[in-house]
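Reckoned from all heavy atoms, side chains included, excluding hydrogens, waters and symmetry mates.
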Amino acid sequence: MTQEHALSILKTGTNVFLTGSAGTGKTYVLNQYIQYLKDRKVPVAITASTGIASTHIGGVTIHSWAGIGVKETLTGRDLAAMKTKNYLKDKVGKAKVLIIDEISMLHKRQLDLVDMVLQAFKDSIESFGDLQVIFCGDFFQLPPIGTQEEKSRDKFAFMSKAWVNAGVSVCYLTKQYRQSDSQLNDLLNEIRTNTISNKTIELLNAANKPLAIEPTKLYTHNADVDRINQQFLESLPGKKRYFKATTTGDKQLVEVLKKTVLAGNELQLKVGAKIMFVKNNYDKGYINGTLGQVVEYSGVGLPVVKLTNGDKITVTPEKWSIDDENGKSLASFNQIPLRLAWAITIHKSQGMTLEAAEIDLTKTFESGQGYVALSRLKSLNNLYLIGFNQKALTVDSLALKADKRFRELSQDEENAIDVANNELKAKDFIRNSGGRVLKKL
């Protein structure tokens, strides 16, 4: 399905599962729809399954927004107590649209709890309290965290009662915008269809040549990442400079931001440090994942970064915030939007686009890790693969079966699209949500 058709379906107010392989523009479509709703004064809750993912779309975790935290069950008493909390009444009670990004990492039990909360706050037996819900993600990427005893059917969100009752329309994006290399595209498609060819194995084994661009190192475990970054920083000559974050607003929400923003509370830099930008700022010339090197400091002590294309940027602090539906900041975190980038975890790389990567998949322990790591790249020419184990190129069998069905359902949706009728439905949805219908949709 095209991005335009998916956006047309979203605007009608129907519940949607927005999916597609990495690099097809899922987040782009979400942002287009979010802006559309904001322009029309429709309250939209922007959430994601993890803190890292939520920063990519300017939202909060679904656990925080819905008030479920780490709970595994909710009693009637729990729900009654939650309804007395002003923050939840304000955020949950007023929402008309709920977006949950990176749905693959949300446990089905948690999605059922969100459904319960919304039904309670909206005093409705309708699915998700009759809000429009939009699930976005790709079940070939990182799965929910569960117990060792749990099977995929016990964890995946699409196996929950809440998902089934929501009756989602599937919008499966197909056009690739990230990968410019047909070989990499073919490789990723082979992983997604569990049809790894000998040619792909040969390509991966051959990806061991020095790169023209200094790569970001991707590892499966935090311990390797922290060790490598600190070693490289300490090996550089010169003194460290420290950049401390500043915060404003509600203390609890500030703590949420501190745990979720990829920029650290304290950033240590030296001239020569390899860095990665961790926020999008198209006007200034960088996005989340842009690589560079600190080459000097400005007259006021700000880091000057030279990008791989030769451009230099004086990096000023950026603001991450949690806003209400009117755009008013409830809490903010202000920091230089950089992190050391000799190495990062595969988990933290999800959602990024990397210009070059050195990847170690020898310790892969979860289905989807290999796919996430390799799909960060635009081309195999900028891959140095240390090695991989058998798990690295596997996908979950249930996700494989479900993906085939999602493709079929999406095709049915696209075949049935009536653009004129969708425009009428879109106007009705805005009116019914208490929004403002503009002259042109």
_Residues D154, K151: salt bridge by 4.0 Å N-O rule_ = no

_Test your reading of the model: is there a side-chain donor-acceptor pair from K26 to the backbone of G20, 3.5 Å cut-off?_
yes

*Identify the two heavy atoms, one from I386 and one from E358, that lie closest to each other, and give their separation to 0.1 Å.*
CD1-OE2, 3.5 Å

*Measure from the ring center of F158 to the ring center of F17 and say whether it is less than 6.0 Å.*
no

*Hey, does the side chain of K391 reach the backbone of K363 with a donor-acceptor pair shorter than 3.5 angstrom?*
no

_Test of understanding: with ring pair (Phe, Tyr, Trp, His ring centres under 6.0 Å), list the residues that count as partners of F429, not counting sequence neighbours._
none

*Answer yes or no: is there a donor N or O on one side and an acceptor on the other, between the side chain of D138 and the main chain of T19, under 3.5 Å?*
no

_Non-hydrogen side-chain atoms of I100 and L111 separated by less than 4.5 Å_ = yes

*Look at the side chain of K306 and the backbone N and O of V295, then say whether any donor-acceptor pair between them is shorter than 3.5 Å.*
no

*Would you indicate whether K240, at its atom NZ, is surrounded by more than 12 heavy atoms from other residues, nucleotides or ligands within a distance under 6.0 Å?*
yes

_Taking the side chain as everything from C-beta on, heavy atoms only, tell me whether W320 gets closer than 4.5 Å to Q335._
yes

*Would T220 and T364 count as having a side-chain donor-acceptor pair, cut-off 3.5 Å?*
no

Donor-acceptor pairs under 3.5 angstrom involving side-chain atoms of residues 126-136: please list them, not counting sequence neighbours.
{"from": "Q132", "atom 1": "OE1", "to": "Y33", "atom 2": "OH", "distance (Å)": "2.7"}
{"from": "Q132", "atom 1": "NE2", "to": "L10", "atom 2": "O", "distance (Å)": "2.9"}
{"from": "Q132", "atom 1": "NE2", "to": "T14", "atom 2": "O", "distance (Å)": "2.8"}

*Determine, for K108 against E150, whether the closest basic-nitrogen to carboxylate-oxygen distance falls under 4.0 angstrom.*
no

*Is the number of heavy atoms from other residues, nucleotides or ligands under 6.0 Å of Y297 OH greater than 12?*
yes

*Distance in Å, I275 CD1 paired with W342 CH2, rounded so as to fall on 0.5 Å steps*: 10.0 Å

*If only atom types and distance count, is the side chain of H221 paired as donor or acceptor with the main-chain N or O of A223 below 3.5 Å?*
no

*asked:* Quick check for you: to the nearest 0.5 Å, what is the distance between T345 atom OG1 and N222 atom CG?
replied: 5.0 Å

*asked:* Check whether T248 reaches the backbone of A331 with its side chain - one donor and one acceptor, N or O, closer than 3.5 Å.
replied: no

*Is there side-chain contact between K83 and D123, with at least one heavy-atom pair below 4.5 Å?*
yes

*Less than 4.5 Å apart, any side-chain heavy atom of P317 and any of L302?*
yes

*Any chance you could lay out the side chain to side chain contact (heavy atoms under 4.5 Å, CB included) test for L338 and F277, step after step, and finish with the verdict?*
CA-CA 5 Å; L338 303 176; F277 285 85; 3.6 Å; yes

_Main chain of D112, side chain of D115: is a donor-acceptor contact present, judged purely on distance under 3.5 Å?_
no

_Check: I62 and Q110 side chains under 4.5 Å, non-hydrogen atoms_ = no

*Is K274 close enough and on-axis enough to F232, meaning under 6.0 Å and within 45°, for cation-pi?*
no

*Do K258 and T247 meet the criterion of a side-chain donor-acceptor pair at a distance under 3.5 Å?*
no

*N334 (side chain) donor-acceptor with A245 (main chain) under 3.5 angstrom*: no

_Donor-acceptor under 3.5 Å (Q293 side chain, G272 main chain)_ = yes

_Just so I know, are the side chains of D403 and R192 near enough to count as touching, which here means a heavy-atom distance under 4.5 Å?_
yes

*Around Q390, counting heavy atoms of other residues, nucleotides and ligands shown, do more than 12 lie under 6.0 Å from its CD?*
no

_Regarding D39 and Q35, do their side chains bring together a donor and an acceptor under 3.5 Å, going by distance alone?_
yes

